[in-house]
Amino acid sequence: MHNGKKDILLHLYGEATDAEELRSLLRDDELRQEHAELSEAKFRLDHLKRERPDPEVINRILAAAATGDGLPTANNRKDRPAVSPSVRLRKVLIPALSVAAAILFGVAIGWFGASSGTGTSADGPALASTPDDLVPPESLYRFVPPQRSLTPASQADPRLAWDDASPLLDMHRRIQTMRPQGSLDWGEEAVPLESLPGQNAGRLQMTGTDNQKR
Amino acid sequence: MDVTNRHLNQNPSRLPDSPMHPADEVLVAQYVEEADQAAFRTLVDRHQERVFGYLRGMVKDRDVANDLFQETFFRVIRALNKERGSYTRQGKFLGWVLRIARNAALDHLRSRKKWQDLGNGDDGDESAWWDRLPDDGPSALESVQDMEEVDLLKACIDRLPPEQREVVLLRHESDLTFREIADMTNCSINTALGRMRYALINLRRMMEEAKRLDHLPVND
């Protein structure tokens with residue numbers, strides 16, 4: 001559309017307000033004729049009586065607005081009955097406790113699995129490399145020397161091995177240290193101290209000394 | 001309503017907010033947040049003529065327009081109460097309601113299968129529907145000779161091509177600006193202005209023709 005005609009229309013409907021622009025447009029005969037014809041039609045339209053909807057339609061709309069859901073029949077809908085405490089306990093509390101118990105069980109399983117798990121942890125117990133490394137049960141009450149050297153914990157694998165610092169090993173070392181280098185050994189019959197060589201060095205000559213004093 | 005009232009009855013969406021004349025946004029907030037029924041009633045009272053006049057002109061039937069008006073505001077109520085995101089509160093409550101009204105009117109017209117032969121081959125521009133709509137009925141001038149001028153004008157509006165009629169309705173009944181009309185009808189403002197210009201020219205010609213026929217001697 002010609003810009004002048006577009007501007008004429010905008011001025012006619014008050015959407016352009018520059019009066020000087022309108023005056024300059026109306027200097028053109030064609031645009032002035034256009035303005036006159038359009039003004040006449042617009043004048044007729046401005047005189048049209050406006051219509052309103054029927055009052056009952058408005059009433060139905062306002063009734064729907066009161067219910068808030070846009071359906072006027074909804075005001076017949078009954079309220080939801082109150083929820084009893086037993087229902088709340090059954091539907092809310094018990095499922096919640098069940099979920100909590102399941103979570104705790106899962107955490108416990110995970111914790112035990114981690115504490116007795118792969119043995120790769122630095123803090124965890126060492127594992128025996130072979131079944132031979134296992135200490136026989138009787139060693140728990142009677143010392144039985146291990147058949148093989150113990151595997152260091154750092155080299156240990158799947159099965160549990162005894163720690164070097166176990167009380168049994170410690171006791172074994174102490175016994176070895178206390179064992180005499182001579183023929184005397186544990187389990188032999190007792191012999192008089194005098195019969196042992198070099199055993200008189202520490203004895204006191206009590207009788208001689210006492211006699212001299214006397 | 002006389003011309004003075006119509007001129008003074010400016011679109012309140014463009015009036016500044018005041019205690020005596022709360023803005024649409026204020027009323028919507030009062031209704032949505034405080035369940036203020038009086039606020040909603042004010043909104044309906046304020047805009048009922050703009051919405052109903054548009055619907056009445058679109059469907060050319062008062063009863064159908066009443067149904068569509070009710071359906072429009074039911075949708076508004078549902079949207080405000082349950083789908084508030086669809087109304088963004090940008091100070092364009094009337095435009096939002098008119099979009100809903102337009103959709104309701106188009107749904108109705110589609111349900112009448114008036115458009116079933118017009119949908120083939122258009123380019124997706126909704127205006128193509130309107131442009132290709134055949135003119136309704138016989139010449140307007142043959143049936144409007146005895147009408148009062150106002151009724152004659154309404155009859156002429158009803159016989160405008162649909163796309164021109166819609167612009168006339170949105171501008172004169174709903175008080176939208178041409179920019180708002182262009183936005184609503186998915187066309188450029190130049191297109192909206194062009195349709196308005198042709199509508200005014202056609203109305204003037206039809207009115208002149210009707211008057212000329214009215215003054216012709218009746219053959220007994």
Side-chain angles (χ1 to χ4, degrees), chain A residues 1-17 21-22 25 28 30-77 79, chain B residues 1-3 5-7 9 31 35 37 40-41 43-45 48-53 55-56 62-63 65-67 69-82 149-150 153-154 156-157 168 171-173 177-179 189-191 193-194 196-197 199-205 207:
Chain A
M1 184 168 58
H2 186 271
N3 276 343
K5 293 179 179 177
K6 182 186 76 174
D7 293 337
I8 285 286
L9 203 54
L10 288 173
H11 279 283
L12 198 61
Y13 280 91
E15 296 185 25
T17 55
E21 181 190 45
L22 179 59
L25 289 170
D28 183 281
E30 184 186 0
L31 292 181
R32 189 167 58 250
Q33 178 68 19
E34 171 102 359
H35 184 268
E37 292 178 0
L38 298 182
S39 296
E40 181 186 338
K42 179 179 179 296
F43 180 79
R44 294 178 188 275
L45 288 171
D46 285 341
H47 279 77
L48 269 181
K49 183 182 177 182
R50 281 183 157 164
E51 292 185 69
R52 292 189 169 200
D54 294 341
E56 55 266 30
V57 171
I58 299 295
N59 292 336
R60 283 196 289 270
I61 290 170
L62 295 178
T67 65
D69 61 0
L71 294 171
T73 56
N75 53 11
N76 297 327
R77 191 174 58 190
D79 291 340
Chain B
M1 181 181 297
D2 61 20
V3 64
N5 286 340
R6 177 174 278 263
H7 285 164
N9 194 12
Y31 171 65
Q37 303 304 311
F40 189 79
R41 175 187 285 272
L43 283 169
V44 174
D45 287 344
Q48 59 176 319
E49 291 178 347
R50 294 179 178 83
V51 177
F52 186 79
L55 289 171
R56 168 67 181 80
R62 182 173 174 84
D63 292 336
N66 269 316
D67 291 343
F69 182 86
Q70 177 176 291
E71 175 60 23
T72 296
F73 274 92
F74 282 178
R75 292 185 191 183
V76 166
I77 292 166
R78 282 196 294 268
L80 288 178
N81 284 280
K82 296 173 183 173
E149 181 159 327
V150 171
L153 181 58
K154 284 185 177 180
C156 292
I157 292 172
V168 169
R171 187 65 186 83
H172 280 269
E173 296 289 341
T177 65
F178 289 114
R179 169 60 63 192
I189 187 171
N190 279 345
T191 300
L193 286 166
M196 189 72 203
R197 175 175 174 267
L200 292 176
I201 291 172
N202 285 334
L203 284 174
R204 182 173 177 274
R205 286 178 181 168
M207 293 289 287

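Numbers restart at 1 for each chain; the letters A, B, ... are given by sequence-line order, proteins then strands.
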(request) Look only at the side chain of B/Arg197 and the backbone of A/Lys6, and say whether a donor-acceptor pair between them is shorter than 3.5 Å. (result)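 Flag not set: sc B/Arg197 to bb A/Lys6 has no pair under 3.5 Å.
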(request) Give a yes or no on whether the backbone of A/Glu51 and the side-chain of B/Glu49 come within a donor-acceptor separation of less than 3.5 Å. (result)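 No; judged by distance alone, with no hydrogens or angles, the pair does not exist.
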(request) For chain B, find which of A/Leu62, A/Asp54, A/Leu38 contributes the most heavy-atom pairs closer than 4.5 angstrom. (result)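 Going by pairs under 4.5 Å, I would pick A/Asp54.
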Counting only non-hydrogen atoms closer than 4.5 Å, does [X] touch chain A with its backbone (N, CA, C, O), its side chain (CB onward), both, or neither?
X       : value
B/Gln48 : both
B/Val76 : neither
B/Val44 : side chain
B/Arg41 : both
B/Leu55 : neither

Nearest non-hydrogen partners of [X] and [Y], listed with the distance:
X        : Y        : answer
A/Glu40  : B/Arg204 : OE1-NE, 3.1 Å
B/Arg171 : A/Tyr13  : NH2-O, 3.2 Å
B/Leu153 : A/Arg44  : CD2-O, 3.2 Å
B/Ile77  : A/Ile61  : CD1-O, 3.5 Å
A/Leu9   : B/Leu193 : CD2-O, 3.1 Å
B/Phe40  : A/Ala65  : CD2-CB, 3.4 Å

(message) Tell me whether the count of non-hydrogen atoms from other residues, nucleotides or ligands lying under 6.0 Å of CD in A/Glu56 goes above 12.
(response)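 Yes, because the 6.0 Å sphere around CD of A/Glu56 holds more than 12 heavy atoms from other groups.
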(message) Atom CZ of residue position B/Arg179 - does it have more than 12 heavy atoms of other residues, nucleotides or ligands inside 6.0 Å?
(response)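 Atom CZ in B/Arg179 is not crowded, with 12 or fewer foreign heavy atoms closer than 6.0 Å.
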(message) side-chain contact (heavy atoms from CB on, under 4.5 Å), that's the test. Do B/Asp67 and A/Val57 meet it? Break it down for me.
(response) CA-CA 8 Å; B/Asp67 291 343; A/Val57 171; over 6 Å; no
(request) Please look at A/Ile58 and chain B and tell me whether the side chain, the backbone, both or neither of the residue comes under 4.5 angstrom of a heavy atom of that chain. (result)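 The side chain, not the backbone.
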(message) Is A/Glu15 in contact with chain B via its backbone, its side chain, both, or neither, using a 4.5 Å heavy-atom distance?
(response)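 Only the side chain of A/Glu15 comes within 4.5 Å of chain B.
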